[in-house]
Participant: 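Submitted below is the structure of interest, expressed as structure tokens.
Since the structure is predicted, the reported quantities are computational estimates derived from the model, not experimental observations.
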Amino acid sequence: MEHKDSTYIVEHPDYSIEEDIPALLDVFSGRLPLNISCIVDMQNHLNFSWDTSGVPEHAQYSISYLLCSDTEPEKGLVSHKEDVPAPVYSTVLGNQVPQDHIILRLNVNFPGIWYIQTQKWDIRRVEKLDPPQFINTTIQSDQLYLEWDLPKSKSRTENPSCFSYELRINDEVRNLSQKLSHSEPNIDQTRTYKIQMRVKMLDACHGSLYWSDWTSILNLGPLILQPDFHIGVMVTIALGLPMSLLAILLLCKFRIFYKLFPPIPGPSIKIKGLLEKDITSQVLYQIISHKCVEEVSEVEVKEDEEEEDDEDENEEERL
């Protein structure tokens with residue numbers, strides 16, 4: 001099936017091409033033909049989108065597309081004409097559909113004119129591959145080793161030289177081609193490495209216009225763990241170390257003080273016993289002597305009273 005890209009204007013019955021169409025074309029601001037993109041991924045999702053920056057705001061869109069095969073030109077699938085509310089269209093293709101070329105017919109309807117644009121793509125050129133699959137990722141001594149599988153494409157090529165890769169290690173991107181492995185030297189074993197990769201087919205193999213998505217982030221390392229100083233540990237060390245030193249200094253100070261000014265030694269046990277005995281005997285003696293004095297004084301008082309009584313009696317007798 002032969003087909004060429006084309007654009008043309010259909011005259012509205014109420015307008016004249018010679019008089020009105022040039023003025024009506026001014027609403028497109030010279031942005032014809034429209035920039036249309038087509039993407040087909042490995043899950044057979046078909047996506048169309050187009051730039052509407054030069055199209056009037058109230059324009060209406062409709063599309064139809066055709067899938068065809070170079071080997072079986074009589075087979076194809078024509079979609080029904082479908083109105084599209086936005087400049088984006090997505091659908092899922094069946095696996096049985098021939099996939100060599102795709103033809104899109106885009107209709108833009110604006111009061112006064114119909115703008116029609118058709119465009120053809122080789123599906124290999126608009127193919128978006130799946131991200132590469134890592135099969136081996138290791139760090140040995142100071143080198144990083146990576147291996148990945150050959151991507152699957154709709155062209156079913158198994159030639160590694162047909163694919164180009166971008167390898168992202170942390171924030172650095174390396175371009176790799178025609179290989180399924182890579183070795184990265186001078187690896188810091190105390191660091192963690194974040195690895196991603198994407199792929200597309202080279203132009204020499206009728207390659208794609210689009211890169212695949214990036215793989216999920218793969219974290220490798222570290223092989224040597226660095227000590228993890230927690231803030232609480234650091235604060236404890238900062239406060240505890242001076243306090244410990246202060247306590248040690250105080251202990252040392254008191255030990256030095258006792259060495260310079262030793263305490264006066266106390267009496268021995270025998271001397272303490274003797275002293276305690278002397279003190280006890282003295283106390284008892286004082287108590288006993290005190291009691292004797294008191295008794296003598298009481299006796300003297302009584303004698304004086306008796307003498308006074310006798311004197312009184314003698315005086316009475318005299319009288």
Participant: Quick one: do E172 and R174 make a salt bridge, cutoff under 4.0 Å?
Facilitator: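 Between R174 and E172 there is a salt bridge, with a charged N closer than 4.0 Å to a carboxylate O.
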Participant: Under 3.5 Å, is there a donor-acceptor pair between the side chain of Q196 and the main chain of L167?
Facilitator: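 Not a single qualifying donor-acceptor pair exists.
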Participant: Backbone N or O of K194 within a donor-acceptor pair of the N170 side chain at under 3.5 Å?
Facilitator: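 It does hold such a pair.
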Participant: Does any N or O in the side chain of S212 come within less than 3.5 Å of the main-chain N or O of V199, such that one atom is a donor and the other an acceptor?
Facilitator: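 Yes, S212 side chain to V199 backbone: donor-acceptor pair under 3.5 Å.
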Participant: Side-chain donor-acceptor pair under 3.5 Å between N159 and T157, yes or no?
Facilitator: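 N159 vs T157: no donor-acceptor pair found between side chains.
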Participant: Would you find a donor on one side and an acceptor on the other, under 3.5 Å apart, between the side chain of Q117 and the backbone of L34?
Facilitator: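 Side chain of Q117 to backbone of L34, a donor-acceptor pair under 3.5 Å: yes, one is there.
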Participant: Between D130 and R198, is a salt bridge (charged side-chain N to carboxylate O under 4.0 Å, His left out) present by the stated rule, with each step listed?
Facilitator: CA-CA 8 Å; D130 289 339; R198 64 179 183 173; over 6 Å; no
Participant: If you look at every heavy atom in S37 and Y210, which pair is closest and at what distance?
Facilitator: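 The answer is CB-OH, 3.9 Å.
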Participant: Give a yes-or-no answer on whether the side chains of E82 and Y89 include a donor-acceptor pair shorter than 3.5 Å.
Facilitator: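 The answer is yes; a qualifying pair exists.
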Participant: Which pair of non-hydrogen atoms, one from S208 and one from V126, has the smallest distance, and what is that distance?
Facilitator: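 For S208 versus V126, the nearest heavy atoms are OG-C, 4.2 Å.
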Participant: Salt bridge check, D100 against K154: does any charged N sit closer than 4.0 Å to a carboxylate O?
Facilitator: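 Result for this pair is no, no salt bridge flagged.
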Participant: Please tell me whether Q143 and Y145 have a donor and an acceptor in their side chains that are separated by less than 3.5 angstrom.
Facilitator: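 On atom types as modelled, these side chains qualify, holding a pair under 3.5 Å.
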Participant: What are the two closest heavy atoms between P151 and Y165, and how far apart are they?
Facilitator: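 That would be CD-OH, 3.4 Å.
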Participant: Under a plain distance cut-off of 3.5 Å, with no hydrogens placed, do N219 and T192 share a side-chain donor-acceptor pair?
Facilitator: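 Checked: T192/N219 side chains show no N/O donor-acceptor pair below 3.5 Å.
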Participant: If you measure from CG on L209 to NZ on K128, what distance do you get to the nearest 0.5 Å?
Facilitator: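 So the CG of L209 and the NZ of K128 are separated by 13.0 Å.
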Participant: Would you say that more than 12 heavy atoms from the other residues, nucleotides or ligands in this model lie under 6.0 Å from the CD of Q60, or not?
Facilitator: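 Counting other residues, nucleotides and ligands, CD of Q60 stays at 12 neighbours or fewer.
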Participant: Near K152 NZ, under 6.0 Å, is it more than 12 heavy atoms from other residues, nucleotides or ligands?
Facilitator: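 No, NZ of K152 has 12 or fewer neighbouring heavy atoms, counting only those of other groups under 6.0 Å.
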Participant: Take L106 and Y115 through the test side chain to side chain contact (heavy atoms under 4.5 Å, CB included) and record every step on the way to the result.
Facilitator: CA-CA 8 Å; L106 173 65; Y115 171 72; 5.7 Å; no
Participant: For K120 and H101: C-alpha separation, side-chain torsions, deciding distance, then whether side chain to side chain contact (heavy atoms under 4.5 Å, CB included) applies.
Facilitator: CA-CA 7 Å; K120 178 182 178 180; H101 297 90; 3.5 Å; yes
Participant: Go through the steps for N47 and C38 under the test side chain to side chain contact (heavy atoms under 4.5 Å, CB included), then give the verdict.
Facilitator: CA-CA 6 Å; N47 300 278; C38 173; over 6 Å; no
